[in-house]
Every structure is written in C-alpha cells, then in structure tokens.
Amino acid sequence: GAGVSQSPSNKVTEKGKDVELRCDPISGHTALYWYRQSLGQGLEFLIYFQGNSAPDKSGLPSDRFSAERTGGSVSTLTIQRTQQEDSAVYLCASSLGPSGGSYEQYFGPGTRLTVT
Amino acid sequence: KQEVTQIPAALSVPEGENLVLNCSFTDSAIYNLQWFRQDPGKGLTSLLLIQSSQREQTSGRLNASLDKSSGRSTLYIAASQPGDSATYLCAGGNFGNEKLTFGTGTRLTIIP
C-alpha cells in the first residue's frame, strides 16, 4: 500500500515568511510524528499526535512552530516568521500506535526547507 | 531523559564481510528500539523493531539484538553488499512516550 507522503519535497522561503508543510500518513495509522533533521542537531522530535488525545508538543523549539491534524489523518506543520536556523529536513512518520499494537514508525521522504 | 549513541560515526568494510553496528542508550526503561537506514537525500527506511520483551529480531541478512541491562543494541549484517552502503540509525522509545530518540548514525561504506 501507499507509504507516508509529504509535500512539498523542497521549499525555499525568505526569512520572515510563513511556511506550511503537509504530511499524509499511512491509512489506518492513528499515530503521527514530526521530526527535524539538521546538520548540527541530528534527528530531533518535534510533535506527536495519537488519535484524539492532546498532542505531545514537547519538542517544538519555539512558539513559531505549530501543527495540527485534521480528521485524524492529514497533518500540517506551520512555521511562522521563518529564521535561517529553521533550515532543515522535516520528516513525518506514522505508526499503528498503542491501539494498533505496534510502535514501528514509517517515515516519509521529508521536506527540505531552506530559509534565505 | 533517553540518550542514544552510535560509534563509530563511519565504517568501511570490503564486500562480503560480516559486520556489526553498535548502539548504546542510557535509560534501561526503553520500550522499543528501531533500526533504520537512510540513503543520501532520502527519508528513513525501517529495518527492524525490537520490543523490550524481545532479545532479537531477524530479517534476511540482518539481525538486531537488544540488551537492556547493558544499554546496548547491535545490528549484524551478514555477507555485506555494496547496496548496503547507507547511514544506519538506531532510535529508542520509552513506554507511554512513543517519540523516538535517535543516535547520530553510522555511515557504512561497502567496498566492492
């Protein structure tokens, strides 16, 4: 079946602009995760959605970052007033989660964000 | 707080050799450990997931083990091939906290 998809694959934006990154998880996966991969920081957790529970936002680096998940499926990560340090690859993953009995996470191809 | 370490950062071996990649973690309350490979410019591909109740998992030429008491996991690759060249990442998650904490990876090069 289809894997996790993300769009756009690449995004170049000017400093100070807002950007939206989209993630479509694997159908039936109730858990959705956002991670960021940058040269200096490696792969770091941003936010986690599980079903209808309140999301775990503990990894968001500042209040310029927000995410939502509509209808328990598609998720959008929004970065407001982008800064150069936001340049990174943003990765989305999904899993069946605790209700599905599996925590194995499947990753999308990522969105490469460049802030100029 | 879980911390994950992978040493060495890079490894080169001749084709056909067996090899072991190492992963260390600090919190023995780890619930699951997942190994991934990442090809340049690509996302992560899941290789194996080991839950805390298991000691090892196998898939084809790959075998991953988990030793919670020593805080270590290993990924064994048998009969290495040039197509195995990639960066290998391990990541751990604790029960009730499903976010993964990643190591910095080992960049593996198989020399034909």
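First the proteins, then the strands, lettered A, B, ... as listed; each starts at 1.
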Margin query: Whether the side chain of Q34(B) engages the backbone of Q105(A) through a donor-acceptor N/O pair (distance < 3.5 Å, no angle test) should be reported.
Written below: yes

Exactly one candidate in I47(A), L46(A), D56(A) meets side chain to side chain contact (heavy atoms under 4.5 Å, CB included) with K99(B); the answer is D56(A)

TODO: Walk me through it: do F102(B) and Y35(A) pass the test ring-ring contact (aromatic ring centres under 6.0 Å, His included)?
DONE: CA-CA 10 Å; F102(B) 281 83; Y35(A) 296 86; 5.5 Å; yes

Interface check, chain B: of R112(A), Q6(A), Q37(A), most non-hydrogen pairs under 4.5 Å belong to Q37(A)

If you count every heavy atom of other residues, nucleotides or ligands that lies below 6.0 Å from R55(B) atom CZ, does the total exceed 12? no

Query - Transitive ILVMFWY side-chain link L91(A) to V4(B), under 4.5 Å - result: no

Give a yes or no on this: more than 12 heavy atoms of other residues, nucleotides or ligands lie within 6.0 Å of atom NZ of K11(A).
no

For L43(A) and T101(B), what are the C-alpha separation, side-chain angles and deciding distance, and is it a side-chain contact (heavy atoms from CB on, under 4.5 Å)? CA-CA 8 Å; L43(A) 241 160; T101(B) 300; over 6 Å; no

Worksheet item: Going only through I, L, V, M, F, W and Y residues with side-chain contacts under 4.5 Å, is there a path from L60(A) to L100(B)?
Response: no

In this structure, would I77(B) and I110(B) fall into the same cluster of hydrophobic residues linked by side-chain contacts under 4.5 Å?
yes

Value for CG (L89(B)) from CZ (F107(A)), rounded to nearest 0.5 Å, stands at 9.0 Å

Exercise. Please assess Y103(A) against Q51(B) for the test side-chain contact (heavy atoms from CB on, under 4.5 Å), listing each intermediate value before the final yes or no.
Key: CA-CA 9 Å; Y103(A) 297 94; Q51(B) 295 196 356; 4.2 Å; yes

> Are F65(A) and F49(A) connected, step by step, through hydrophobic side chains (Ile, Leu, Val, Met, Phe, Trp, Tyr) whose heavy atoms are closer than 4.5 Å?
Replying inline: yes

Bottom line for S58(A): the part with an atom under 4.5 Å from chain B's heavy atoms is side chain

